[in-house]
S.K.: 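Structure provided below as structure tokens; questions to follow.
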Amino acid sequence: MKLLTYKTQISESRLGFIHNNQVVDMEDFGDISNFPLPDSMLELIDMGIEVIEEINSLVEDANPAELAEISYSFDEITIHAPIEKPRKNIIGIGLNYTEHVAESARTLDTTGKLPQKPIIFSKPPTTVTGTNTEIIKNSKLTEQLDWEVELAVIIGKKGKYVPKETAMDYVFGYTVINDISARDCRREGQWIVSKGQDTFAPMGPYLVTKDEIENPHNLNLSLTVNGIEKQNSNTQFLLFNINDLINDLSTVFTLEPGDIIATGTPSGVGAGRSPQEWLYDGDVVECIVEGIGTIRNVVKEI
């Protein structure tokens, strides 16, 4: 199921799902199905991973005329980030593709050695923005604004010391994240100022539930700037895969429903190019992950 957070001209943020190329309102669908459903993504995730199977079954049995009454065409809505206000910081994973490790060593202050354990950082909830919004480049802070396309994993249930073998049981679904980075804002090896500025986590356009993705470790992902391809790889090249990450992270701290893990970016970032390339006012960045969709953002300098 493709889930989304959306607004109409007269509504606040609502939760919906895509059916027959229409957006069906989730709460309204619950009303016509006599199965109470929420109007926000986090509330749905709190209902448990199993609720998706129930909703899919109800959709199959739904009256098409009733569905039409609670559906919108895409030109009637604005898509927002799937989880507009995460409860906690987004969990970021650094240097998680081998070729990105090598390019970072050439141009940034990293060693070039393959990490033996996941490198973990975080991005505050205020970094989140949706597709078709602006990435803010604060010229008082950075002149080296960079891009990073990533597959993001959404956790669906609480987990501590999760074994690798059962790690996928804790996944609710997936989305796309652009881990925007200000390369000249790192402080003595600390990344949160570089990674944590407002709008530095464009996300979406959808949250795709895990039943829709046959193998998350074989998804193409790519990124373009002004229509020119900069990144193109596949999640099969993750150094630490999703099972590894959930196992490691849950050993450090408890994972909870709604937690977001950005799994890392492949090579092709601006800092790794010769000469280096950065994002400037008006640049259009598009991130694509197979099976999920495309997010598009424009850089706005202030």
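Heads up: numbering here begins at 1 and tracks the sequence. Excluded from the calculations below are hydrogen atoms, water molecules and symmetry mates; all remaining heavy atoms, backbone and side chain alike, are included.
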S.K.: Work out which heavy atom in I260 is nearest to a heavy atom in I177; give both atom names and the distance.
M.R.: CG2-CD1, 3.9 Å
S.K.: Is there a donor-acceptor pair under 3.5 Å between the side chain of N218 and the backbone N or O of N215?
M.R.: no
S.K.: Treating N20 as the side-chain partner and Q22 as the backbone partner, does any N or O pair qualify as donor plus acceptor under 3.5 Å?
M.R.: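 No; zero donor-acceptor contacts below 3.5 Å.
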S.K.: Got L221 and F237 here, is their nearest side-chain heavy-atom distance under 4.5 Å?
M.R.: no
S.K.: What pair of heavy atoms forms the shortest contact from P257 to I45, and how long is it?
M.R.: CB-CG2, 3.9 Å
S.K.: Work out which heavy atom in N243 is nearest to a heavy atom in A167; give both atom names and the distance.
M.R.: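 Closest pair (atom of N243, atom of A167, distance): CA-CB, 3.7 Å.
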S.K.: Would you say I120 ends up clustered with V162 if hydrophobic residues are merged whenever their side chains have heavy atoms under 4.5 Å apart, either directly or through other cluster members?
M.R.: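 Yes, because V162 and I120 connect within a single hydrophobic cluster, where side-chain heavy atoms sit under 4.5 Å apart.
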S.K.: Any sub-3.5 Å donor-acceptor pair from N89's side-chain atoms to F121's backbone N or O?
M.R.: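 Side chain of N89 to backbone of F121: no pair is present.
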S.K.: Tell me, do F74 and I18 make a side-chain contact under 4.5 Å, heavy atoms counted?
M.R.: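 Yes, side chains in contact.
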S.K.: Are the side chain of S33 and the backbone N or O of F29 linked by a donor-acceptor pair below 3.5 Å?
M.R.: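 Yes; judged by distance alone, with no hydrogens or angles, the pair exists.
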S.K.: Any chance you could lay out the side-chain hydrogen bond (donor to acceptor under 3.5 Å, both in side chains) test for T209 and E212, step after step, and finish with the verdict?
M.R.: CA-CA 6 Å; T209 55; E212 295 281 329; 5.0 Å; no
S.K.: Quick check: closest heavy atoms across I70 and I32, and the distance to 0.1 Å?
M.R.: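 The pair with the smallest heavy-atom distance is CD1-CD1, 3.7 Å.
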S.K.: Can you list the steps and then say if W147 with E277 is a side chain to side chain contact (heavy atoms under 4.5 Å, CB included)?
M.R.: CA-CA 10 Å; W147 57 81; E277 299 177 16; 3.9 Å; yes
S.K.: Just to verify, which of I154, I83, T5, L15 counts as forming a side chain to side chain contact (heavy atoms under 4.5 Å, CB included) with L42?
M.R.: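 With L42 as partner, side chain to side chain contact (heavy atoms under 4.5 Å, CB included) holds for just one option, I83.
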S.K.: State plainly whether the residues D244 and K164 are in salt-bridge range, i.e. N to O under 4.0 Å.
M.R.: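 Yes, D244 and K164 are salt-bridged.
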S.K.: Quick check: closest heavy atoms across D259 and T254, and the distance to 0.1 Å?
M.R.: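 Nearest heavy atoms, D259 then T254: OD2-O, 4.1 Å.
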S.K.: How long is the straight-line distance from CG of L151 back to OG of S233, given to the nearest 0.5 Å?
M.R.: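 Reported to 0.5 Å precision, the distance equals 12.0 Å.
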S.K.: Under a 4.5 Å cut-off applied to non-hydrogen side-chain atoms, are F200 and I136 in contact?
M.R.: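 Heavy-atom side-chain distance check fails, nothing below 4.5 Å.
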S.K.: How far apart are the C-alpha atoms of F17 and Y206, what are their side-chain angles, what is the distance that settles it, and do they pass the ring-ring contact (aromatic ring centres under 6.0 Å, His included) test?
M.R.: CA-CA 9 Å; F17 63 90; Y206 313 118; over 10 Å; no
S.K.: Could you tell me the separation between the CG atom of L141 and the SG atom of C185, rounded to the nearest 0.5 Å?
M.R.: 5.5 Å
S.K.: Taking E256 as the fixed residue, which of R87, K88, K158 is the one that meets the salt bridge (Lys or Arg N to Asp or Glu O under 4.0 Å) rule?
M.R.: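 With E256 as partner, salt bridge (Lys or Arg N to Asp or Glu O under 4.0 Å) holds for just one option, K88.
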S.K.: Under a 3.5 Å threshold, yes or no: a donor from one side chain and an acceptor from the other, between E60 and S57?
M.R.: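 Side chains of E60 and S57: no pair found under 3.5 Å.
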S.K.: Walk me through it: do D61 and L58 pass the test side chain to side chain contact (heavy atoms under 4.5 Å, CB included)?
M.R.: CA-CA 5 Å; D61 296 334; L58 291 170; 5.7 Å; no
S.K.: Within the 4.5 Å heavy-atom criterion, are V59 and H19 side-chain neighbours or not?
M.R.: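 Result yes, sub-4.5 Å side-chain heavy-atom pair found.
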S.K.: Quick check: are there more than 12 heavy atoms from other residues, nucleotides or ligands sitting under 6.0 Å from CD of E54?
M.R.: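 Count over threshold, so yes.
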S.K.: Only one of E84, H80, K85 clears side chain to side chain donor-acceptor pair (under 3.5 Å) with S13; which?
M.R.: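 Of all the options given, the one that passes is E84.
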S.K.: If we ignore angles and hydrogens, is there a donor and acceptor under 3.5 Å between the side chains of T127 and D198?
M.R.: no
S.K.: Donor-acceptor pair, Q231 side chain versus V149 backbone, under 3.5 Å?
M.R.: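 Side chain of Q231 to backbone of V149, a donor-acceptor pair under 3.5 Å: yes, one is there.
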S.K.: Which atoms form the tightest heavy-atom contact between Y174 and P216, and what is the distance?
M.R.: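 What the structure gives for the nearest pair is OH-CG, 3.4 Å.
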S.K.: Between E148 and R183, does any NZ, NE, NH1 or NH2 come within less than 4.0 Å of an OD or OE carboxylate oxygen?
M.R.: yes
S.K.: Determine whether more than 12 heavy atoms belonging to other residues, nucleotides or ligands lie under 6.0 Å from atom NZ of K160.
M.R.: yes
S.K.: Any heavy-atom pair between the side chains of M26 and S40 that's under 4.5 Å?
M.R.: no
S.K.: Go through the steps for I295 and E286 under the test side chain to side chain contact (heavy atoms under 4.5 Å, CB included), then give the verdict.
M.R.: CA-CA 6 Å; I295 52 174; E286 292 185 297; over 6 Å; no
S.K.: Between S181 and D146, do the side chains contain an N or O donor and an N or O acceptor separated by less than 3.5 Å?
M.R.: no
S.K.: Is the side chain of S250 donor-acceptor paired with the backbone N or O of I246 at a distance under 3.5 Å, no angle test?
M.R.: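 Here the side-chain-to-backbone pair exists.
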S.K.: Going from OG1 on T224 to CD1 on I288, what distance comes out if it is rounded to the nearest 0.5 angstrom?
M.R.: 6.0 Å
S.K.: Ion pair present between D179 and K123, side-chain N to carboxylate O less than 4.0 angstrom?
M.R.: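 A salt bridge is present here (some side-chain N lies under 4.0 Å from a carboxylate O).
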S.K.: In the single-linkage hydrophobic clustering (I, L, V, M, F, W, Y; side-chain heavy atoms under 4.5 Å), do I49 and L3 co-cluster?
M.R.: yes
S.K.: Would you check if the side chain of E150 reaches a backbone N or O of G264 as a donor-acceptor pair within less than 3.5 Å?
M.R.: yes
S.K.: Taking the side chain as everything from C-beta on, heavy atoms only, tell me whether N297 gets closer than 4.5 Å to E134.
M.R.: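 No, their side chains stay 4.5 Å or more apart.
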S.K.: Check this for me: does any side-chain nitrogen of one of K157 and D169 sit under 4.0 Å from a carboxylate oxygen of the other?
M.R.: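 Here K157 does not pair with D169 in a salt bridge, since their nearest N and O are not under 4.0 Å apart.
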S.K.: Mind checking whether I242 and V171 have side chains closer than 4.5 Å, heavy atoms only?
M.R.: yes
S.K.: State whether a side-chain donor-acceptor pair under 3.5 Å links N232 with E229.
M.R.: yes
S.K.: Would a distance-only check, ignoring hydrogens and angles, find a side-chain to backbone donor-acceptor pair under 3.5 Å from R186 to K195?
M.R.: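 Looks like no, no N/O pair under 3.5 Å.
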S.K.: State the CE-CG distance between M168 and N241, to the nearest 0.5 angstrom.
M.R.: 8.5 Å
S.K.: Is it the case that over 12 heavy atoms from other parts of the model lie below 6.0 angstrom from the CD atom of Q236?
M.R.: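 Result for CD/Q236: enclosed.
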S.K.: Let me confirm one number: the CD-OG distance from Q144 to S194, rounded to the nearest 0.5 Å.
M.R.: 9.5 Å
S.K.: Counting only N and O atoms by type, is there a donor-acceptor contact under 3.5 Å from the side chain of T199 to the main-chain atoms of T129?
M.R.: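 Such a contact is absent between T199 side chain and T129 backbone.
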S.K.: Can you check side chain to side chain contact (heavy atoms under 4.5 Å, CB included) on L245 and V153, steps first, answer last?
M.R.: CA-CA 10 Å; L245 295 176; V153 176; over 6 Å; no
S.K.: Keeping D25 on the side-chain end and G16 on the backbone end, is there a donor-acceptor pair under 3.5 Å?
M.R.: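 Not a single qualifying donor-acceptor pair exists.
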S.K.: Between F172 and I52, is any pair of side-chain heavy atoms under 4.5 Å apart?
M.R.: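 With C-beta onward as the side chain, the pair touches.
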S.K.: If the test is side chain to side chain contact (heavy atoms under 4.5 Å, CB included), which one of I119, N96, D248 qualifies with F240?
M.R.: N96
S.K.: I need the D283 CG to I135 CD1 distance, nearest 0.5 Å.
M.R.: 9.5 Å
S.K.: Determine, for E27 against R14, whether the closest basic-nitrogen to carboxylate-oxygen distance falls under 4.0 angstrom.
M.R.: yes
